[in-house]
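The structure under discussion appears below in the form of structure tokens.
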2 protein chains.
Amino acid sequence: MAKYPKIPEATIRRLSNYLKCLEDLEAKGEKVASSSHLATICNVNAAQVRKDFAYFGEFGIRGMGYNIKELKDHIKEILGINREWRIAVIGIGNMGSALLVYKDFLKQNYRIVAAFDIDPSKVIGHISERMGRPVEILHIDRLKEVIEARKIEIGIITTPPQEAQKVADLLVEANIRGILNFSPAPIRTPEPVKSMNLFFTAALDNLVYHLTNN
Amino acid sequence: MAKYPKIPEATIRRLSNYLKCLEDLEAKGEKVASSSHLATICNVNAAQVRKDFAYFGEFGIRGMGYNIKELKDHIKEILGINREWRIAVIGIGNMGSALLVYKDFLKQNYRIVAAFDIDPSKVIGHISERMGRPVEILHIDRLKEVIEARKIEIGIITTPPQEAQKVADLLVEANIRGILNFSPAPIRTPEPVKSMNLFFTAALDNLVYHLTNN
DNA sequence: ATTTGTGAAGCACTTCACAGCC
DNA sequence: GGCTGTGAAGTGCTTCACAAAT
């Protein structure tokens, strides 16, 4: 906790991105990357790259650059994704079903180990037929019990907006640590529970602003 | 084009959020909102709220606050969402199907008027059965033709990552104006085409960082 | 020779504080 | 009296530029 000094939020977001780029470089067989190379790929300034890493330690070799494998491990440790995170998805409509089989989660140590809905019988046909039933859909009444039993730390909300805050409250009661909310209604959670709201239309609004005003 | 002075990117993101909050207030029957009221709801500073709006004009009444209906209209005009935007979704897997029936798009003047896949026959059963086939799924070979015929300005990519850049290139060739990329591989587009990458795992990484380091 | 790590400068966004207006 | 709009102050992030390291 508070292992590092105060880090700009923008730096944290870039770390995810560096990691992705480093994985691509590694896939191409590269072993070392300089700050300026990484900067070009990630569309940022080279000094920014160095400063971002320097917040957390001295990871590079002067005259050489950064060892890709090592740097990846450092970033994973900084972000806290150097271990498995167990996740529950609540609300198994179209979006929830899509997340249950979202390949990129698995690759990254994010494991969906429970799925809940208010009417599991309705979705079972859909899920099993198309996706091979990745996890059993449970009734939301079992939320607290199952979250505790399966040591789940993160909840993803994909319910209709009217239900989002209610589900968030249930998750908090079940001692969840963090919530990612995909529903279009923002949720609030009391300390120390962290929550993030992720709205698709906000991204579209942003895109449209730039189409309209540039 | 360039109707306004240089506006902080953060301001643009907040505008979407203000709009959502104003709609909630309106639904509760409110007619007027002060900057400090809006600030509380949106979790920002009241001066920030006033400054954000002041970039674009004088929308408030001193001693009173902001007329909610008028302010909503101003924000919609600023963002460019005071008209319909016609959208194509490319890649009708789980995520693409989910977007085809995503209710919030419709509410906001975002209309998905075409859907493409490399193998439309595979997805038709799934789509029609579960969702009442909101739009016909077309073969990707028809992308350019249909985008032009249907006056589509925005493309949403929900293909597997290996295909994302190829699809982006096709969209650019079809004279798309903007692209929202949901695939986990970042895409690049030449000027003047705008593109935004939206990665779920990046949001999770961010959440996990805060769970790990606070 | 090359590239990192970093203090200092530059720049941009946020907040303050108050004049101006209703 | 209450609230907006805004110059000025404050804060924080980004970029520069160079010493330090290999």
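So that the names make sense, note that chain A is the first sequence line, chain B the second, and so on, each numbered from 1.
Among the nucleotides D:dT6, D:dT15, D:dC13, the one closest to any side-chain atom of B:Ala54 is D:dT6. Distances were taken from every side-chain heavy atom of A:Ala47 (C-beta onward) to each of C:dG5, C:dT4, D:dT15; the shortest belongs to D:dT15. For A:Glu58, taking side-chain heavy atoms from C-beta onward, the closest of the listed nucleotides C:dT14, D:dC13, C:dG5 is C:dG5. Distances were taken from every side-chain heavy atom of A:Lys51 (C-beta onward) to each of C:dT3, D:dT15, D:dT6; the shortest belongs to D:dT15. Side-chain atoms of A:Gln48 lie closest to D:dT15 of the nucleotides D:dT15, C:dC22, D:dT4. With D:dC13, C:dC13, C:dT4 as the candidates, the nucleotide lying closest to the side chain of A:Tyr66 is C:dT4. Taking the side chain of B:Asn45 as heavy atoms from C-beta on, and the options C:dT15, D:dT4, D:dG5, the nearest nucleotide is C:dT15.
One atom, CD of A:Glu70, and another, C1' of C:dT4, lie 14 Å apart when rounded to the nearest Å. Summarising the geometry, the separation between CD on B:Glu9 and C1' on C:dA12 is reported as 13 Å, rounded to the nearest angstrom. Atom CD1 of A:Ile12 is separated from atom P of D:dC13 by 11 Å (rounded to the nearest Å). Remark: C1' of D:dG5 and CZ of B:Phe56 are 15 Å apart, rounded to the nearest angstrom. If you take CG of B:Asp52 and P of C:dT15, they are 10 Å apart, rounded to a whole angstrom. Residue A:Tyr55 contributes atom OH, which lies 11 Å from atom P of D:dG12 at whole-angstrom precision. Between the CE atom of A:Met64 and the C1' atom of D:dA20 there is a distance of 17 Å, given to the nearest Å. If you take CZ of B:Phe53 and P of D:dT6, they are 14 Å apart, rounded to a whole angstrom.
The base of C:dT4 sits within donor-acceptor range of the side chain of A:Arg62, with an N or O pair under 3.5 Å. Under 3.5 Å, the side chain of A:Lys6 and the base of D:dG12 form no donor-acceptor pair of N or O atoms.
Contact between the side-chain N/O atoms of A:Ser35 and the OP1/OP2 oxygens of C:dT3 is not found at any separation under 4.0 Å.
Between A:Asn213 and B:Tyr4, the side chains place no donor N or O within less than 3.5 Å of an acceptor N or O (distance only, hydrogens not considered).
Side chain of A:Trp85 to backbone of A:Gly80: a donor-acceptor contact under 3.5 angstrom is found. Not one N or O on the side chain of B:Arg111 forms a donor-acceptor pair closer than 3.5 Å with the backbone of B:Glu84.
Toward the 5′ end of DNA chain D lies the nearest nucleotide of B:Gly57, the other residue of the pair B:Gly57 and A:Arg50 mapping further downstream.
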For this session: Take B:Glu26 and B:Lys72 through the test salt bridge (charged side-chain N to carboxylate O under 4.0 Å, His left out) and record every step on the way to the result.
Result: CA-CA 10 Å; B:Glu26 201 175 41; B:Lys72 272 179 50 191; 2.6 Å; yes
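The aromatic ring centres of B:Phe200 and A:Phe182 sit less than 6.0 Å apart.
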